[in-house]
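We name chains A, B, ... by the order of the sequence lines, and we start the count at 1 in each one.
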2 protein chains.
Amino acid sequence: MSKIRIFLVDDHQLVRDGIKALLISAEDLLILGEASSGRECFEKIALDPPDILILDISLPDTNGIEITKRITVEYPEMRVLILSMYTNEDFIFNSVKAGARGYLPKNTSREELLSAIHAIYEGEEFFSDTISRIMLKSYVRKAKEDDLSPQRGPIPLTSREIEILKLFAEGYINKEISDQLDISIRTVETHKNHIMKKLELKSTVELIKYAIRNKIVEL
Amino acid sequence: MSKIRIFLVDDHQLVRDGIKALLISAEDLLILGEASSGRECFEKIALDPPDILILDISLPDTNGIEITKRITVEYPEMRVLILSMYTNEDFIFNSVKAGARGYLPKNTSREELLSAIHAIYEGEEFFSDTISRIMLKSYVRKAKEDDLSPQRGPIPLTSREIEILKLFAEGYINKEISDQLDISIRTVETHKNHIMKKLELKSTVELIKYAIRNKIVEL
DNA sequence: ATTTCCCTTAAGAAATTCACGTAAGATCAC
DNA sequence: GTGATCTTACGTGAATTTCTTAAGGGAAAT
């Protein structure tokens, strides 16, 4: 049975040594090599590509997220495990977005690190409890925003105005709107002016954006 | 110390009895009452509002998500715990969106149910492992979509065209664009015509939507 | 009953856009 | 070098929108 080949990227010697010490006793793992910068990382893995790349977020010449992006393009088979002291939601989100398969905080345990390595080697995703909690918070926040945003500013428009705004933002020109609603084109214009004044919008562009933001039309 | 007041909504007698049996021995909980439909639920809680509402998703006259929505409006202090046999991502998302504080699958354990009740009573959110996993999957999926979508259709526009489109979609009129870029207004018009033809867009409205979709401008 | 708000219509003037066509210099790939 | 593409630019007439001002009728509120 072949071992899981691992490459380590972190700019602190001590951290790399610590991780190696934790992993050395694991029979099925093989530490292929290590690097302390993005440049060094790509030079070395080009010669001998690992299965798993363990990446720190902050590095001298670049960052783990940028490396992850390049990896997913250049080595689609390679799995990236982010190991970072930052548990900031943006870092997590962007890491996942960039293609990372796992994310662990640096104060993780040996057991968790091993679980993570095995999980992502098997094609799973792995996030530590701390990270999962942050992701869940974010999930909840997003779901709530999704609910609140459409009605945060109660729409002060009349139903007729909304009707006209809807058609306009769907791409109909005034003439078509007036035909559809069987009213004069002048009326359509007046309505639009009213809307713009009410909402203090200065251009039709803003009008369209308003309609989209307030879910009067689909994007 | 006052007990946590609980109200149960599920259309199956057996399920309600099962939950009651699980909770009856918990000293700090008080089962206020139960209902088998949305209508019955609102009638009863109006008389004696509970702290926590345990809700099934599927009900004869409505569903748990609709009830949750009404609860968050009419009883903002009341916490909703969804207990459903469905672990569908949409149900979970919409439940959270509607204001549910927790979500458990029906095959949950007594311990987990108690943990959930206590957690959401304390103002926390609670999701079982199964549900958390689904939420995480969704998180990952969304992060990936967020990454893929902007480049699904490679933008066939030149950098100058993108520049013009950006300014236009930001709300500048042609004259302002021509001033900013120090080119003729005719040129701005020509560029816009080129863009519209390339993308087969029929109106400026579509042009703006295109710019937003492709993240050339913020909404 | 009076007021207020909404919907409607209207029109002229100014500004803007649209839809054509035309064209010339720059850059880049073959 | 040659052709293709990009960028720049102009013209013209028609279409459209925008701005502004004005006003009547109906419905709802006070």
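Contact annotation: the side chain of A:Asp56 approaches that of A:Ser58 to within less than 4.5 Å [non-hydrogen atoms, C-beta and beyond].
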Check: residues 74-85 of chain B side-chain donor-acceptor pairs under 3.5 Å, at least two apart:
| unit_1 | atom_1 | unit_2 | atom_2 | d |
| --- | --- | --- | --- | --- |
| B:Glu74 | OE2 | B:Arg70 | NE | 2.9 |
| B:Arg79 | NE | B:Glu77 | O | 3.4 |
| B:Arg79 | NH1 | B:Ile120 | O | 3.1 |
| B:Arg79 | NH1 | B:Tyr121 | O | 2.9 |
| B:Ser84 | OG | B:Tyr86 | N | 2.8 |
| B:Ser84 | OG | B:Tyr86 | O | 3.4 |

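Atom NZ of B:Lys192 is separated from atom P of C:dC20 by 16 Å (rounded to the nearest Å). Going from atom CZ of B:Arg160 over to atom C1' of C:dG25 covers 15 Å, rounded to whole Å. C:dA13 atom C1' lies 14 Å from atom CG of A:Asn193, rounded to whole Å. Atom CD in A:Glu161 sits about 13 Å away from atom P in C:dC5, given to the nearest Å.
A cation-pi arrangement, defined by a distance under 6.0 Å to the six-membered ring centre and an angle within 45 degrees of its axis, is absent between A:Lys44 and A:Phe7.
Residues of residues 164-173 of chain A having a heavy atom closer than 4.0 Å to DNA chain C: none are found. Heavy-atom distances under 4.0 Å link DNA chain D to B:Ile183, B:Ser184, B:Arg186, B:Thr187, B:Thr190, B:His191 of residues 174-191 of chain B, given in residue order.
Of the residues listed (B:Ile117, B:Asp51, B:Leu30, B:Leu53), the one engaging B:Ile6 in a side chain to side chain contact (heavy atoms under 4.5 Å, CB included) is B:Ile117, and it is the only one.
Considering only residues two or more places apart in sequence or on other chains, A:Glu89 meets the side chain to side chain donor-acceptor pair (under 3.5 Å) condition with A:Ser138, B:Tyr139.
When DNA chain D is scanned in the 5' to 3' direction for atoms under 4.0 Å from non-hydrogen atoms of chain A, the outermost contacting nucleotides are D:dT16 to D:dT20.
In the helix from C:dA1-D:dT30 to C:dC30-D:dG1, the terminal helix axes, each the rotation mapping four pairs' C1' atoms onto the next four within five end pairs, subtend 50°, rounded to 10°.
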